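The structure presented is a predicted model; accordingly, all values stated were derived computationally and were not measured. Throughout, protein chains are lettered first and strands after them, A, B, ... in sequence-line order, and every chain is numbered starting at 1.
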Number of protein chains: 2
Amino acid sequence: MQIAEQAKTGAAAAGLTERQGAVLERALGLLVEGGERALTTAGVARAANCSKESLYKWFGDRDGLISAMITYQAGKVRTVEVDARALTAESLRKHLVAFAGDLIDVLSGDVSLALNRLAIGQASREGAGLGRLLQERGRRQIGKRAAALLEAGRKAKLLAFDTADAAYGTLYGLVVSDMHLRMLLGEDASALKKEFSPRAEKAVDAFLTLHGAKG
Amino acid sequence: MQIAEQAKTGAAAAGLTERQGAVLERALGLLVEGGERALTTAGVARAANCSKESLYKWFGDRDGLISAMITYQAGKVRTVEVDARALTAESLRKHLVAFAGDLIDVLSGDVSLALNRLAIGQASREGAGLGRLLQERGRRQIGKRAAALLEAGRKAKLLAFDTADAAYGTLYGLVVSDMHLRMLLGEDASALKKEFSPRAEKAVDAFLTLHGAKG
DNA sequence: CATTTTGCGTACCGTACGGTACGGTTCGCA
DNA sequence: TGCGAACCGTACCGTACGGTACGCAAAATG
C-alpha cells in the first residue's frame with residue numbers, strides 16, 4: 001500500500017478522493033486533446049471508467065466539474081521559495097531569468113492553454129466566474145512568487161519601484177508580450193516558446209535597466 | 001470618385017452586398033451580447049430578418065459566416081498615417097502615447113473581445129484557422145502602424161533598436177501587460193481600461209528609456 | 001405581361017448534448 | 001451470512017443546434 005501518496009498531484013489539496021483526482025486527470029486530458037467540444041459528461045465518464053451519475057454526485061454539474069478541474073490543476077503548481085539573504089546583483093538577475101523561464105513554461109503548457117481557452121470561451125456567456133477562479137488560483141501563485149522576489153530585491157537595494165504590482169506588470173509584459181495571446185489563438189506553442197525563451201534574458205536586462213537601483 | 005463611399009462599415013471592403021453587411025452587423029451584435037452560444041444560424045436569421053437558406057447561400061456554412069464577420073470587422077479599422085518629416089523627441093513621444101491609447105482602445109473594444117474569444121474557443125477544436133485570420137487582419141494593421149512609427153523614429157535618430165518587430169514587442173508588452181488576457185477572461189473591460197490608460201504614458205517613458213537614442 | 005431570380009418564413013431531419021433513472025455488481029461492515 | 005452504501009453501465013428524455021427542403025411573395029428581366 002505504499003503507492004498511496006504517489007499521485008496526489010493536488011487531489012488532496014482540493015479535498016478530493018484519489019479516484020476523483022484520477023477522473024479530473026482524464027477530463028483534463030480530454031480537454032487538452034479535443035478542446036471544450038470533447039469535454040462532454042459522457043466522454044469524461046467513458047474515458048475515466050466511471051458513470052455519469054457519479055460525476056453528477058461528485059461535482060454537481062458540468063460547471064462544477066470544470067471548476068474542480070481548475071482547482072485540481074492549480075493544486076499541482078508548487079511555488080519556489082527564495083531566501084532574501086545574500087542577494088547579489090548577479091543572483092537576483094539569475095533568479096529573475098529563472099522566473100521568466102518558468103513563467104513562459106507555465107503559460108505555454110498544454111493544460112494551462114486548454115483551461116484558459118475554456119475559461120475565455122465561458123467568459124462571454126456567463127459571468128467571469130471561471131475566469132476569476134483561474135486568475136485567483138493560477139496567477140496569484142506565480143504572482144506571489146514574483147512579488148516576493150521583487151520585494152527581496154528592493155530590500156537588498158538592488159531594485160527600485162513604486163509598487164511591486166506595477167513592477168511585476170512591467171516584468172510580465174517584457175517577458176510575455178503577446179506570446180500568450182498568440183498561443184491561445186492556436187499558434188504553435190512549442191515554436192513560440194522557442195522564439196520567446198531566448199528573449200527572457202533580454203527582457204530581464206530591460207527590466208533591470210528600468211528598475212535596477214545600481215545605476 | 002473621391003472618398004465618397006468612405007466607410008460602408010467595411011462591407012464593400014470584403015466584396016459584400018450592403019444587405020450582407022447589415023446581416024454581419026447583426027451577427028456581431030449577437031456575438032457581443034451573448035457570446036458564441038448566441039451565434040446560432042437561426043438566431044442570426046431571426047435577428048437580421050433573413051432566412052437561414054440565404055445565410056448558407058451567402059456564407060457557405062457557420063464557419064464561413066464567422067470568417068466573414070472577422071474580415072468585415074477588420075475592414076472597419078482605419079490606420080492613421082504618420083509623416084516622418086519633422087519628428088522631434090517630443091512629437092515622437094506624443095505619437096507613441098497616442099498609439100498606446102489607440103492600442104488599448106482597440107483591445108478593449110466589445111467586438112474585438114468577442115471575436116478574440118470566439119477565435120480562441122475555436123482554436124482548440126480546429127486548426128488555428130480563425131486565429132490566424134484574426135491575427136492577420138487585426139494585428140497586422142496596427143502592427144504596421146507601429147512599425148512605421150518606430151522606423152520613422154529610428155530614421156530621425158530618436159530611437160535605437162535591432163529590429164522593429166522586437167521593439168514593437170517590447171512596446172506592446174509595456175503597454176498591455178496582461179490587460180488583454182484579463183479582459184478576455186471576463187474582467188470588466190471599462191474598469192481595466194481606466195486602470196491601464198494612465199499607465200500608457202509611463203509605458204512609453206519606459207520604452208523611451210530602453211530604446212531612446214538620446215542618452 | 002410572362003418568366004426567372006431572389007429571398008423570406010417555416011417546417012423538418014439527424015445528431016449530440018446535459019441531466020436523470022434504473023438494474024446489477026462490488027465492497028465494507030456487523 | 002446478510003445488509004447497505006457506493007458505483008458502474010446503459011438506457012432514456014427533453015432540448016437545441018446545423019443544415020436542408022419547400023411554398024410563396026416580391027423584384028428583376030425579357
Side-chain angles (χ1 to χ4, degrees), chain A residues 1 3-4 11-12 15-31 33-70 114 117-119 121-122 124-127 129-130, chain B residues 11 15-31 33-70 114 117-119 121-122 124-127 129-130:
Chain A
M1 302 297 182
I3 54 173
L16 297 174
T17 312
E18 187 172 341
R19 172 99 175 94
Q20 293 167 358
V23 170
L24 293 179
E25 198 70 46
R26 302 291 302 182
L28 285 172
L30 282 180
L31 179 65
E33 190 184 347
E36 179 172 5
R37 295 290 260 236
L39 195 70
T40 70
T41 56
V44 171
R46 197 180 322 118
N49 287 326
C50 74
S51 72
K52 287 172 69 175
E53 198 168 4
S54 301
L55 287 183
Y56 284 96
K57 171 181 284 186
W58 294 335
F59 307 111
D61 60 356
R62 189 173 182 268
D63 283 355
L65 172 68
I66 295 174
S67 299
M69 290 166 65
I70 292 178
R117 291 201 185 102
L118 180 60
Q122 191 109 353
S124 33
R125 55 176 173 265
E126 192 178 332
L130 285 186
Chain B
L16 297 174
T17 311
E18 188 171 344
R19 173 100 175 95
Q20 294 168 356
V23 170
L24 293 179
E25 197 70 46
R26 303 291 302 182
L28 284 172
L30 282 180
L31 179 66
E33 189 184 349
E36 178 172 6
R37 295 284 264 233
L39 195 71
T40 69
T41 55
V44 172
R46 197 180 323 117
N49 288 327
C50 73
S51 72
K52 287 173 66 175
E53 198 167 4
S54 301
L55 288 183
Y56 283 96
K57 173 179 283 187
W58 293 335
F59 306 111
D61 59 355
R62 189 172 182 269
D63 283 354
L65 172 67
I66 295 174
S67 298
M69 288 166 64
I70 292 180
R117 291 201 185 101
L118 181 61
Q122 191 111 350
S124 33
R125 57 177 171 264
E126 191 177 331
L130 284 187

Item checked: Euclidean distance, atom NZ of residue A:Lys52 to atom P of C:dG18 [Å, nearest integer] -> 7 Å
Checklist line | First encountered from the 5' end of DNA chain C, between A:Glu53 and A:Leu39 | finding: A:Leu39
Check: Below 4.0 angstrom from OP1 or OP2 of D:dA6, is there any side-chain N or O of A:Trp58?
Finding: no
Notebook entry, point to check: Taking OH from B:Tyr56 and C1' from C:dG7, how many angstroms apart are they, rounded to a whole number?
Noted result: 16 Å
Item checked: 5′-ward residue of the pair A:Asp61/B:Asn49 relative to DNA chain C -> B:Asn49
Margin query: Any side-chain N or O of A:Arg19 below 4.0 angstrom from OP1/OP2 of D:dC8?
Written below: yes
Next item on the list: Examine D:dG19: is either OP1 or OP2 under 4.0 Å from a nitrogen or oxygen in the side chain of B:Thr41? Give yes or no.
Entry: no
Check: What integer distance in Å separates A:Leu55:CG from D:dT10:P?
Finding: 15 Å
Notebook entry, point to check: Nearest-Å distance, CZ (A:Arg26) to C1' (D:dC8)?
Noted result: 16 Å
Notebook entry, point to check: With a 4.0 Å cut-off on heavy atoms, is B:Arg46 in touch with a base, just the backbone sugar-phosphate, or nothing at all?
Noted result: nothing
Notebook entry, point to check: In whole Å, what is the span from the CZ atom of B:Phe59 to the P atom of D:dG18?
Noted result: 15 Å
Next item on the list: Taking only the side-chain heavy atoms of A:Ser54 (C-beta and beyond), determine which of D:dC7, C:dC8, C:dC17 contains the nearest atom.
Entry: D:dC7
Margin query: Pick the closest DNA chain D nucleotide for A:Ala48 and for B:Arg62 by heavy atoms, then say which residue is nearer the 5' end.
Written below: A:Ala48
Check: Over how many whole Å does the gap from A:Gln20 atom CD to D:dA6 atom P extend?
Finding: 12 Å
